[in-house]
Asker: 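First the structure, which I've put down as structure tokens, then a few questions once you've had a look.
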Amino acid sequence: IAALGIYRQQLTMASTPADIGDLGPTGTFDLELKLIQRLRETNDERMRTQARINACTDHLQRMFSKTPKKPRDTVEQMDNKIAKLEYQRTTHSLPLSQEKDILRQIDVIKKSKKTLEDYHVHEVAIQDKKNEISDLRDSMRTVIAAIAELESALSKVKLAKRLGCTTSELKTCVVDCPADKIGHIIGKNGSSLKQLEDRTGVQVDVDKVGSKIHLQGSAAALHAAVME
């Protein structure tokens, strides 16, 4: 998100007072270099986020393997059993051995209560870890979207620079072409296509399947290419 914000701010800065295509001389703001830097930083962020996702996922698997066995009785049911045993022990005259047996049963039930408490604490921890992973994956999607936007912007800046125009002047045009003329436009080993690009200052991409020619360049360059 930060990378996208900086990128958009830089586009605004670059468009006034000087145009983006005029940037780059010594002492001026170079958008291409800045985009490359931001792209590198955002890719580093993607790698860090992925590493955190991997670490959290491994931790979650270990947590699953250490989940305590959940007792069948609820806390209320166990408390009722303890109360009954205590009532029996305190209201009846019992042999010592029987009283010890009741105390042993109470102790077992109390341990089960503790196990149930630990189970619930563990379940909460597991859910927290799942939420953390979900948040990280949301962050990863945002980072990937930022990378895609930065790559698109960088590609546009490089194309405008190569074609000798500014990014604000860069336009796209799609021209239908008869299938039997595609080969003529491309030429042997792409020679005709390259000559057209050199003469007009456009980038040409040919869609053989759809019989369409995609042109990118300034409005004047596009007009010259279409006229040819």
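In this chain, numbering begins with 1 at the start of the sequence shown. Values reported hereafter were calculated over all heavy atoms of this structure, with side chains retained and with hydrogens, waters and symmetry mates removed.
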Asker: So L39 and N43, side-chain contact (heavy atoms from CB on, under 4.5 Å) or not? Walk me through it.
Answerer: CA-CA 6 Å; L39 185 58; N43 271 309; 3.8 Å; yes
Asker: When you measure from the side chain of Q98 to the backbone of P95, do you find a donor-acceptor pair of N or O atoms at a distance under 3.5 Å?
Answerer: no
Asker: Quick check for you: to the nearest 0.5 Å, what is the distance between S112 atom OG and K70 atom NZ?
Answerer: 13.5 Å
Asker: Tell me the closest heavy-atom pair linking Y87 and H92, and the distance in Å.
Answerer: O-ND1, 4.2 Å
Asker: Any chance you could measure E99, atom CD, to T90, atom OG1, to the nearest 0.5 Å?
Answerer: 9.5 Å
Asker: Would a distance-only check, ignoring hydrogens and angles, find a side-chain to backbone donor-acceptor pair under 3.5 Å from T115 to K111?
Answerer: yes
Asker: Would you check, one step at a time, whether the test side-chain contact (heavy atoms from CB on, under 4.5 Å) holds for Q61 with M63?
Answerer: CA-CA 5 Å; Q61 292 304 317; M63 292 175 73; over 6 Å; no
Asker: Rounded to the nearest 0.5 Å, what's the gap from CD1 on I147 to CD on E45? Could you check?
Answerer: 8.0 Å
Asker: Answer whether the closest heavy-atom distance between the side chains of M47 and Q50 falls below 4.5 Å.
Answerer: no
Asker: Determine the minimum heavy-atom distance between K81 and I109, stating which atoms define it.
Answerer: CB-CD1, 3.7 Å
Asker: Sort out for me which residue in K114, H120, H122 forms a side-chain hydrogen bond (donor to acceptor under 3.5 Å, both in side chains) with D118.
Answerer: K114
Asker: Taking the side chain as C-beta and beyond, is there a heavy-atom pair between D73 and K113 under 4.5 Å?
Answerer: no
Asker: Give me the atom names and distance for the closest heavy-atom approach of I102 to Q88.
Answerer: CD1-CD, 3.9 Å
Asker: Start with the C-alpha gap between R104 and D107, add the side-chain angles, then the distance that decides, and say whether salt bridge (Lys or Arg N to Asp or Glu O under 4.0 Å) holds.
Answerer: CA-CA 5 Å; R104 182 189 61 77; D107 186 59; over 6 Å; no
Asker: For L222 and V202, work out which heavy atoms get closest and say how close.
Answerer: N-CG1, 3.9 Å
Asker: Go through the steps for D198 and K194 under the test salt bridge (Lys or Arg N to Asp or Glu O under 4.0 Å), then give the verdict.
Answerer: CA-CA 6 Å; D198 291 342; K194 187 175 187 311; 3.1 Å; yes
Asker: Pair I36, R40 - check side-chain contact (heavy atoms from CB on, under 4.5 Å), show working.
Answerer: CA-CA 6 Å; I36 291 172; R40 186 183 301 114; 3.6 Å; yes
Asker: Hydrogens and angles aside, do D101 and Q105 bring a side-chain donor and acceptor to less than 3.5 Å of each other?
Answerer: yes
Asker: Counting only N and O atoms by type, is there a donor-acceptor contact under 3.5 Å from the side chain of D207 to the main-chain atoms of V209?
Answerer: yes
Asker: Does R89 CZ have over 12 foreign heavy atoms under 6.0 Å away?
Answerer: yes
Asker: Testing the basics here: between S65 and R62, what is the closest heavy-atom pair and its distance to 0.1 Å?
Answerer: OG-O, 2.7 Å
Asker: In terms of hydrophobic clustering (I, L, V, M, F, W, Y; side-chain heavy atoms under 4.5 Å; direct or indirect links), are L196 and V174 co-clustered?
Answerer: no
Asker: For V204 and I213, run side-chain contact (heavy atoms from CB on, under 4.5 Å): C-alpha distance rounded to whole Å, both residues' side-chain angles, the deciding distance at 0.1 Å, then the answer.
Answerer: CA-CA 7 Å; V204 183; I213 299 175; 3.5 Å; yes
Asker: Can you confirm whether N189 is buried at CG, in the sense that more than 12 heavy atoms of other residues, nucleotides or ligands lie under 6.0 Å from that atom?
Answerer: no
Asker: A side-chain contact here means heavy atoms from C-beta on lying under 4.5 Å apart; do E123 and T67 qualify?
Answerer: yes
Asker: Just how far is it from atom SG of C177 to atom NZ of K208, taken to the nearest 0.5 Å?
Answerer: 12.0 Å
Asker: Residues in side chain to side chain contact (heavy atoms under 4.5 Å, CB included) with L159, at least two apart?
Answerer: R162, L163, L170, Q203, Q216
Asker: Going by side chain to side chain contact (heavy atoms under 4.5 Å, CB included), name the residues that satisfy it together with Q195, two or more places apart in sequence or in a different chain.
Answerer: R199
Asker: Going from SG on C173 to NE2 on H223, what distance comes out if it is rounded to the nearest 0.5 angstrom?
Answerer: 11.0 Å
Asker: Taking the side chain as every heavy atom from C-beta outward, state whether Q37 and E41 have any pair of such atoms under 4.5 Å apart.
Answerer: yes
Asker: Does S192 use its side chain to pair, donor to acceptor, with the backbone of K188 at less than 3.5 Å?
Answerer: no
Asker: So does A146 get a backbone contact from the side chain of E149, meaning a donor-acceptor N/O pair under 3.5 Å?
Answerer: no
Asker: Report all side-chain donor-acceptor pairs from residues 126-136 shorter than 3.5 Å, counting only partners two or more places apart or in another chain.
Answerer:
from, atom 1, to, atom 2, distance (Å)
Q127, NE2, N131, OD1, 3.1
K129, NZ, H59, ND1, 3.4
K129, NZ, E132, OE1, 3.1
N131, ND2, Q127, O, 3.3

Asker: For the residue pair M78 and E76, establish whether any side-chain heavy-atom pair is separated by less than 4.5 Å.
Answerer: no
Asker: Roughly how far apart are T49 OG1 and D138 CG, rounded to 0.5 Å?
Answerer: 11.5 Å
